[in-house]
Enquirer: 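Handing you a structure now.
Model, not experiment: these values are computed from the prediction. For this chain, numbers begin at 1 and follow the sequence in order.
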Amino acid sequence: MRQAHLLGLVLALGTTGALANEDVLKRTQDPNQQVLQTLDYANTRYSKLDQINASNVKNLQVAWTFSTGVLRGHEGSPLVVGDIMYVHTPFPNIVYALDLNNEAKILWKYEPKQDPSVIPVMCCDTVNRGLAYSDGAVILHQADTTLVSLDAKTGKVNWSVKNGDSKIGETNTATVLPVKDKIIVGISGAEYGIRGHITAYDAKSGKQVWRAYSVGPDNEMMVDPEKTTSLGKPVGKDSSLKTWEGDQWKTGGGATWGWYSYDPKLDLFYYGTANPSTWNPKQRPGDNKWTMAIFARNPDTGQAKWIYQMTPHDEWDYDGINEMILTDQKIDGKERPLLTHFDRNGYAYTLDRATGEVLVAEKFDPVVNWASKIDLDKGSKTYGRPLVVSKYSTEQNGEDVNSKGICPAALGTKDQQPAAFSPKTQLFYVPTNHVCMDYEPFRVTYTPGQPYVGATLSMYPAPGSHGGMGNFIAWDNISGKIKWSNPEQFSVWSGALATAGDVVFYGTLEGYLKAVDSKTGKELYKFKTASGVIGNVMTYTHKGKQHIAVLSGVGGWAGIGLAAGLTDPNAGLGAVGGYAALSSYTNLGGQLTVIALPN
C-alpha cells in the first residue's frame, strides 16, 4: 500500500497543476527527459526508466563523450529536453546546447563575460549546480549572481538581472527553482559575512517579486510572528533579532546555496539556510536564528509558514542547505506528507512537511559525536534541540583552543551531493562523508568582501573505522536506520540516481561511475571516467534507448586542493590536507560521459 501511495506522489501533485508550473509538471512526469536538477519538484532523483536494470547493467558501454573545455569542479548534471541536451560548466558558466539527433553537435553556446575577481570570493571552488528549464527558457544563475533566461532554441538572452553583489562576498553556486510564473534563487557567501536571502523573480520579465532574508527583522524575513510556527508554536515577535547580539545579524550569514523542493498540493516550497558568520561561536552569542534552519514558504508571497532550526548557535559549520526530499508515507499506520533531510550535522530528519513537526532524527553515520541525540520529547525544555557533548563543543572549549576528534567534519556527514529515493524499496540512497576534524576558533574582524571565517580546521578519516573517507548508504527514514552501507576510499561527492530498474548510480572522487543493486547495495558495474566525479548522475531516453550521463571534473570542497592547486594542509577550510591523497588517483578535467547498453 505504501508503495502505491508513493508511486502516485508525482501524479497526485500533477493533479494540482493549476497551482504549479504546467510546463515543468508535465515534463517532470516524462522520464525520457529531465528539466530540473532534482528530476521532480519532490527532489526524489528517481527515474521510472527501467530499460537498464540490475540484470543487464553490467553490459553498459560508453556511447559518447563531450569535453566542456573548462577545468575545476563540475557539479550538477545536464538537462535533456526533447532531442536537445543542455550542458553547463563551472566558472565562467558556459552553456552548451547539443543536438542528440546529430552526434551531439553544438547548436549554440552561451559564454558570459564575468569579472574573474569573483573567483577568489567563491569559498569552496567555482562550481555551479546546474540549469533549469521552463516554458522554452533555460535558466542559469551565474557565479557573479547574474540570473539569466536564455531562449532554449537559440541561446539568445531573454533577460538578465543581478541578484547580489560579489564585492561584499555574495556569489552563486546553486541551481534555481521554477515555480508557477516565478524563478526562485538563493545566494552564497556566509564565509564573507553576507546576510542570506532567497528571492523570487518573474519568469517572463526578470523583475524581482519578493525577497526574504534568513536573519533579521520579521518583515525582512517575511515571517509572521503569530502565523509562522516552529515546532508547532508561533515564532513570536523578533524571533531572529532576539538571538543575536546588537547588529551582528547584519553580517549573520544564513546563505541559501542548496536545493529547493516544492509541493503543489500544499503550495509550499522548502529549502535550508547555511552557517552563521563567523565560524567562531564566541563572537556571536545566542541561537543565531534563523541560520541552520529548514524553511517552508509560499512561493507567491514569500511568506514563511514554518521554520525548524537544526543546529542552534552552530559551532562547527554544519550548514543546513542540503536537499529536502518529499514523500507520502505511513507512520504509525497513518499516511503523512513527509520531508526527509540529511543534514551536514550528521542527523537525518523526517518531518511532517505540512506542519514542520519533527518525527525522526537519527545519526546516519554511527561516528557522529558532537551531540548525543536530538531531543524529541515534547515535554522537554530542550525539545527539538541537539544535546551537545561538551568535549566537542568549540563554544565551551573556547577561542584559541583546538577541539579535537569532532565528527563529522565541517563538510558534514553529507554536503550538497543529493540523495535519491526509490518508491519501490522505500529507501533513500545517500552519498556520505566519513570524516572528522580538529577545530580551533579565533577572533576575526568583519571587512566587506574579505573572508569572515575565524577558525582553523584539519580533516581526516573517521578514526577506528574502515580507513576510507566515505560511505554510500541506504537509509530507512521511518525507522531511522541504515539498511546497508558500502565503504568508499574518499567522500562520495556525487549525487545519486535511483531507477525503476532496481539500480542506483553514483560517482566517486577517484572518477568511477558506479551502479549498485538498490535492495542489497551489491556493486553491479563501474567505469573510470576522465576525472573525479562530483556531478549528479542523470538518465534520459533518445530514440527509444535509455542513456546514463554524468559530468566528471574533480573539485568542490573535498577536491579544492586539486582544483585550485593548493598545498597548505589547512587551506580550503581544512580540506586540502584531508584529501591530499586524491592527487594519486585522478586529475583535473571537464568531461561529460554518456553510457548505454550495446545495440
Side-chain angles (χ1 to χ4, degrees), residues 123 168-170 187 189-198 212-223 225 228 230-231 233-256 272-295 304 307-321 344-345 370-371 381-388 390 392-401 403 410 439-457 573:
C123 99
I168 64 167
E170 289 182 324
I187 201 79
E191 276 62 57
Y192 289 80
I194 68 128
R195 182 160 72 114
H197 49 74
I198 193 154
Y213 286 88
S214 304
V215 300
D218 292 341
N219 63 324
E220 293 182 14
M221 289 194 303
M222 305 191 84
V223 164
T228 304
S230 181
L231 296 171
K233 297 179 179 177
V235 293
K237 189 173 185 297
D238 298 332
S239 61
S240 174
L241 294 180
K242 286 175 179 175
T243 66
W244 292 88
E245 199 169 72
D247 285 344
Q248 286 187 341
W249 59 271
K250 292 181 178 178
T251 53
T256 51
T273 59
N275 58 288
S277 305
T278 142
W279 286 19
N280 178 359
K282 281 288 186 188
Q283 284 189 248
R284 43 171 175 79
D287 277 355
N288 309 134
K289 291 177 178 174
W290 292 97
T291 63
M292 315 303 266
I294 299 172
F295 274 84
I307 321 170
Y308 169 61
Q309 188 179 41
M310 295 155 293
T311 313
H313 186 62
D314 170 59
E315 308 171 38
W316 312 269
D317 185 45
Y318 292 153
D319 291 38
I321 60 83
R344 283 255 289 267
N345 70 18
W370 68 276
K381 289 182 179 178
T382 54
Y383 172 52
R385 298 175 72 94
L387 303 184
V388 175
S390 296
Y392 305 114
S393 168
T394 69
E395 163 76 37
Q396 293 177 46
N397 295 339
E399 289 176 340
D400 305 316
V401 174
S403 297
Y439 188 114
E440 183 175 340
F442 59 86
R443 195 150 287 266
V444 64
T445 303
Y446 173 74
T447 304
Q450 296 300 310
Y452 189 49
V453 178
T456 302
L457 278 63
L573 301 171

Enquirer: Only one of Glu399, Glu440, Glu395 clears side chain to side chain contact (heavy atoms under 4.5 Å, CB included) with Asn280; which?
Expert: Glu399
Enquirer: If we only count heavy atoms from C-beta on, is the Tyr192 to Ile168 side-chain gap below 4.5 Å?
Expert: no
Enquirer: Do Gln309 and Thr273 come within less than 4.5 Å of each other through their side chains, counting heavy atoms only?
Expert: no
Enquirer: Can you check whether Pro276 reaches Trp244 side chain to side chain, under 4.5 Å on heavy atoms?
Expert: yes
Enquirer: For Tyr213, does its backbone N or O pair with a side-chain atom of Glu220 as donor and acceptor, under 3.5 Å?
Expert: no
Enquirer: Are any side-chain N or O atoms of Asp218 and backbone N or O atoms of Asp238, one a donor and one an acceptor, separated by less than 3.5 Å?
Expert: yes
Enquirer: Any side-chain heavy-atom pair from Glu191 and Trp279 closer than 4.5 angstrom?
Expert: yes
Enquirer: Compile the donor-acceptor pairs under 3.5 Å between side chains in residues 284-295 and protein atoms, sequence neighbours left out, one pair per line.
Expert:
{"from": "Arg284", "atom 1": "NE", "to": "Thr278", "atom 2": "O", "distance (Å)": "2.6"}
{"from": "Arg284", "atom 1": "NH1", "to": "Asn288", "atom 2": "OD1", "distance (Å)": "2.9"}
{"from": "Arg284", "atom 1": "NH1", "to": "Asp314", "atom 2": "O", "distance (Å)": "3.0"}
{"from": "Arg284", "atom 1": "NH2", "to": "Thr278", "atom 2": "O", "distance (Å)": "3.0"}
{"from": "Arg284", "atom 1": "NH2", "to": "Asp314", "atom 2": "O", "distance (Å)": "2.6"}
{"from": "Asp287", "atom 1": "OD1", "to": "Arg385", "atom 2": "NH2", "distance (Å)": "3.0"}
{"from": "Asp287", "atom 1": "OD2", "to": "Arg385", "atom 2": "NH1", "distance (Å)": "2.8"}
{"from": "Asn288", "atom 1": "OD1", "to": "His313", "atom 2": "ND1", "distance (Å)": "3.1"}
{"from": "Asn288", "atom 1": "ND2", "to": "Arg284", "atom 2": "O", "distance (Å)": "3.2"}
{"from": "Trp290", "atom 1": "NE1", "to": "Ser239", "atom 2": "OG", "distance (Å)": "2.9"}
{"from": "Thr291", "atom 1": "OG1", "to": "Asn288", "atom 2": "O", "distance (Å)": "2.7"}

Enquirer: Check Pro281 against Pro441 and note the closest heavy-atom contact, atom names and distance.
Expert: CD-CB, 4.2 Å
Enquirer: Between the side chain of Arg195 and the main-chain N/O of Trp249, is any donor-acceptor distance below 3.5 Å?
Expert: no
Enquirer: Could I get the full list of salt bridge (Lys or Arg N to Asp or Glu O under 4.0 Å) partners for Lys237, not counting sequence neighbours?
Expert: none
Enquirer: Tell me the closest heavy-atom pair linking Ser403 and Ser393, and the distance in Å.
Expert: OG-O, 4.2 Å
Enquirer: What distance separates Arg344 CZ from Asn275 CG, expressed to the nearest 0.5 Å?
Expert: 7.0 Å
Enquirer: If the threshold is 4.0 Å, N to carboxylate O, is there a salt bridge linking Asp400 and Arg443?
Expert: no
Enquirer: Please give me the minimum heavy-atom distance between Ser277 and Thr251, naming the atom from each residue.
Expert: CB-O, 3.1 Å
Enquirer: Quick one: closest heavy-atom pair of Pro386 and Ala371, and the distance?
Expert: CB-CB, 4.0 Å
Enquirer: Is there a donor-acceptor pair closer than 3.5 Å between any side-chain N or O of Gln283 and the backbone N or O of Val444?
Expert: yes
Enquirer: Could you check whether Trp370 and Tyr318 have their ring centres less than 6.0 Å apart?
Expert: yes
Enquirer: Determine whether Trp316 and Asn345 make a side-chain contact, defined as any pair of heavy atoms from C-beta on separated by less than 4.5 Å.
Expert: no
Enquirer: Can you check whether Gln248's main-chain N or O pairs, donor with acceptor, with Tyr446's side chain at less than 3.5 Å?
Expert: no
Enquirer: Evaluate the side-chain proximity of Thr228 to Met222: yes if any heavy-atom separation is below 4.5 Å, no if none is.
Expert: no
Enquirer: What closest approach, in Å, do Leu457 and Ala410 show between heavy atoms, and which atom pair accounts for it?
Expert: CD2-CB, 3.4 Å
Enquirer: Report the distance from atom OG1 of Thr256 to atom CD1 of Ile187, rounding to the nearest 0.5 Å.
Expert: 6.5 Å
Enquirer: Does anything in residues 244-254 form a salt bridge (Lys or Arg N to Asp or Glu O under 4.0 Å)? List the pairs, not counting sequence neighbours.
Expert: Asp247-Lys250
Enquirer: State, yes or no, whether a side-chain contact exists between Ser240 and Met221 at a heavy-atom distance under 4.5 Å.
Expert: yes
Enquirer: Minimum heavy-atom separation for Pro225 and Pro234, please, with both atom names.
Expert: O-CB, 3.4 Å
Enquirer: Does Gln450 reach the side chain of Thr445, with side-chain heavy atoms less than 4.5 Å apart?
Expert: no
